[in-house]
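Take a look at the structure set out below.
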There are 2 protein chains.
Amino acid sequence: MSRIAYVNGAYVHQRAARVHIEDRGFQFADGVYEVCAIRRGVLIDMDLHLERLAWSLDQLRIDVPVSWRALRIILAEMVRRNGAPAFGLLYIQVTRGTAPRNHAFPTGIAPTLVMTVRTLPAPAYAVLQRSVAVITRPDLRWRRPDIKSVSLLPNVLGKQEAMEAGAYEAWLVDDEQRITEGTASNAWIISREGEVITRPADRSILNGITRRVVLRLARRLGLVVSERAFSVAEAKQAREAFFTGTTAFVKPVSRIDDTAIGNGEIGPHTDELLRAYLAHVEAQAANSVPVARR
Amino acid sequence: MSRIAYVNGAYVHQRAARVHIEDRGFQFADGVYEVCAIRRGVLIDMDLHLERLAWSLDQLRIDVPVSWRALRIILAEMVRRNGAPAFGLLYIQVTRGTAPRNHAFPTGIAPTLVMTVRTLPAPAYAVLQRSVAVITRPDLRWRRPDIKSVSLLPNVLGKQEAMEAGAYEAWLVDDEQRITEGTASNAWIISREGEVITRPADRSILNGITRRVVLRLARRLGLVVSERAFSVAEAKQAREAFFTGTTAFVKPVSRIDDTAIGNGEIGPHTDELLRAYLAHVEAQAANSVPVARR
């Protein structure tokens, strides 16, 4: 099946999906995005993603491209036209629009709205529970990573460094040697005392949707949860470590730089959280009307 | 005359110039650019711009899209097809290319190469010498602004703040209250002792081509030049202040935030530097073969 993209009002074959070269997303990174998981045709935690999209747009004073009601219809239509995948992701990007190149905000232009859908292999527990290595690298990003902007060049470079080091993700480190987050995920540790620790969602990190759900699930499971910054040294002494993301779910970490975490397998609390998160996704997929059938 | 753009091997009408929505320039700010002034059909200081482009590409490990020889031919052809303007600018952008969205570098793809030309009103001394106001704002950019990447969102926000404050440019300030540079220009002051001061081109600023030429001209004029960081307080006590950029040339500053600089008119040293820079541009335009006639 050929994939269908959405570009400014039109559903088009993805290979033909284009924006103007003076789109401010292309020339200035002047745009925001969201990535939402699809499970059995259902957009998981869609309301939280749309709420954050609204917030990001507001922070950058980019107009909402279409009404929220229209946006939901387009989202559903995109899932449907792409075969309502058993598992996948929907990518939404909004930029300030196209205008002759000039740093300041142009007036009288419409924002650009782009969407794509990608099908992924089903999220099998056997695969999800496999642990991966992370490296630590200085956080080179701009001072507002809490806005989900497409200003992702430092994230790209960090992720590439991770790949080349044989790791899966890079955890970014601030000037006080504390971990902020991963290049495309939020970082978590579980201390020797069993405390579940993740950095508070201030301006130094993106407040991940999976992060928020996992915080809720952890509290519901009766775990001791602390939202506080933690150092690289503290992370390397942790009993367990993991990261959260829209398609990574709850991903166990076996190694931080050269330090092994636990016995290299998923730890008991991480396992509990992964299972709870999987159940959250499956329940939402089972109890919602798949967008394709509304 | 309709404007002609260049996109990956083709000269196209600018209104039809497009890139794919999965171009990494659009989704990740994973690209670099140059802006080169055109005077009487001549690309001013083109070699310096191409040298910096090569350096930016190398820093991000983006392949050179076409040979340097071919690039020069395309540049000349772009100037010619756009009427070899008496004054204008040529914009070049290179991104890592188009690939399914994934942070790490994709393999086996070709970089994207895009160019546009814009005609501008001739650079009249009477207009250039008019001084403008600047504001100061925290430098929110990533840690590698020395790379001329399209990761420009904080620059956009700074410039917009300047406009809304009735100023022309925002000078960005580091954590030690020292000015780094403007959102699209390099910052300079002239002390009460007549010292010409601009921040050294370390990793905290973009090493502007106009900055480099003006440094050379200032030394040739026998001025005392210091490449050193200066504070906001020092700038506000300066006798003269100005900024340099590809199309701004040498732009006098009348006011920094609420502090007037000098008597509000262009100062004598700034005037000397502006005239020297104008002469540099005009001499290069007169002594080079315009690209349109080669």
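The chains referred to below are lettered A, B, ... by the order of the sequence lines, with proteins before strands, and numbering in each begins at 1.
For chain A, the nearby part of B:E164 is the side chain; its heavy atoms alone come within less than 4.5 Å. Looking at A:V19, both its backbone and its side chain come within 4.5 Å of chain B, counting heavy atoms on both sides. Heavy-atom distances place the side chain of A:A5, and not its backbone, under 4.5 Å from chain B.
Under a 3.5 Å cut-off, the side chain of B:R143 and the backbone N or O of B:R203 do not form any donor-acceptor pair. B:D23 contributes a side-chain N or O that, together with a main-chain N or O of B:G25, makes up a donor-acceptor pair within less than 3.5 Å. A donor-acceptor pair under 3.5 Å links the side-chain atoms of A:N186 to the main chain of A:G208, judged by distance alone. The main-chain N or O of A:T136 is found under 3.5 Å from a side-chain atom of A:D257 such that the two form a donor-acceptor pair. Checked by atom type and distance alone, the side chain of A:H20 pairs as donor or acceptor with a backbone atom of A:E22 at under 3.5 Å.
In this pair, A:Y11 and A:Y6 present their aromatic rings perpendicular. The plane angle is above 60°, beyond the 30 to 60° band. Between A:F243 and A:Y168, the ring planes lie parallel to each other; the angle is under 30°, not in the 30° to 60° tilted range.
Note that CG of A:L43 and CG of A:L90 are 5.5 Å apart. Values are rounded to the nearest 0.5 Å. In this structure, the separation between CG on A:L120 and CZ on A:R39 is 11.0 Å, given to the nearest 0.5 Å.
Listed in order of number, the residues of residues 98-105 of chain B that approach chain A to under 4.5 Å between heavy atoms are B:P100, B:R101, B:H103, B:A104, B:F105. Residues of residues 152-159 of chain B placed with any heavy atom under 4.5 Å of a heavy atom in chain A are listed by number as B:L152, B:L153, B:P154, B:N155, B:V156, B:L157, B:K159. Along residues 27-36 of chain A, the residues that come nearer than 4.5 angstrom to chain B, judged on non-hydrogen atoms, are A:Q27, A:F28, A:A29, A:D30, A:Y33, A:V35 in order of number.
In summary, B:D174 and B:R199 engage in a salt bridge, as defined by a charged side-chain N under 4.0 Å from a carboxylate O.
Contact count against chain B (heavy-atom pairs under 4.5 Å) is highest for A:S151 among A:S149, A:A16, A:P145, A:S151. The residue among A:Q160, A:R96, A:M163 with the most heavy atom pairs within less than 4.5 Å of chain B is A:Q160. Chain B forms more heavy-atom pairs under 4.5 Å with one residue of A:T116, A:L60, A:T183 than with any other, namely A:L60. The most heavy-atom pairs under 4.5 Å with chain A, out of B:R141, B:R118, B:E161, come from B:R118.
Judged purely by distance below 3.5 Å, without hydrogens or angles, the side chains of B:T180 and B:S204 never pair a donor atom with an acceptor atom.
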Show your reasoning for whether side-chain contact (heavy atoms from CB on, under 4.5 Å) applies to A:W55 and A:L57. CA-CA 5 Å; A:W55 184 83; A:L57 290 170; over 6 Å; no
Quick one, A:F26 with B:Y91, criterion ring pair (Phe, Tyr, Trp, His ring centres under 6.0 Å). Give me CA distance, side-chain angles, the key distance, then yes/no. CA-CA 13 Å; A:F26 186 69; B:Y91 176 82; 8.4 Å; no
Residue pair B:I209, B:T246: steps toward the side-chain contact (heavy atoms from CB on, under 4.5 Å) verdict: CA-CA 7 Å; B:I209 303 299; B:T246 294; 5.5 Å; no
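Residues A:I205 and A:D146 fail the side-chain proximity criterion, which asks for heavy atoms closer than 4.5 Å.
Remark: A:S131 pairs with A:P252, A:S254 by the side chain to side chain contact (heavy atoms under 4.5 Å, CB included) rule, at least two apart or across chains.
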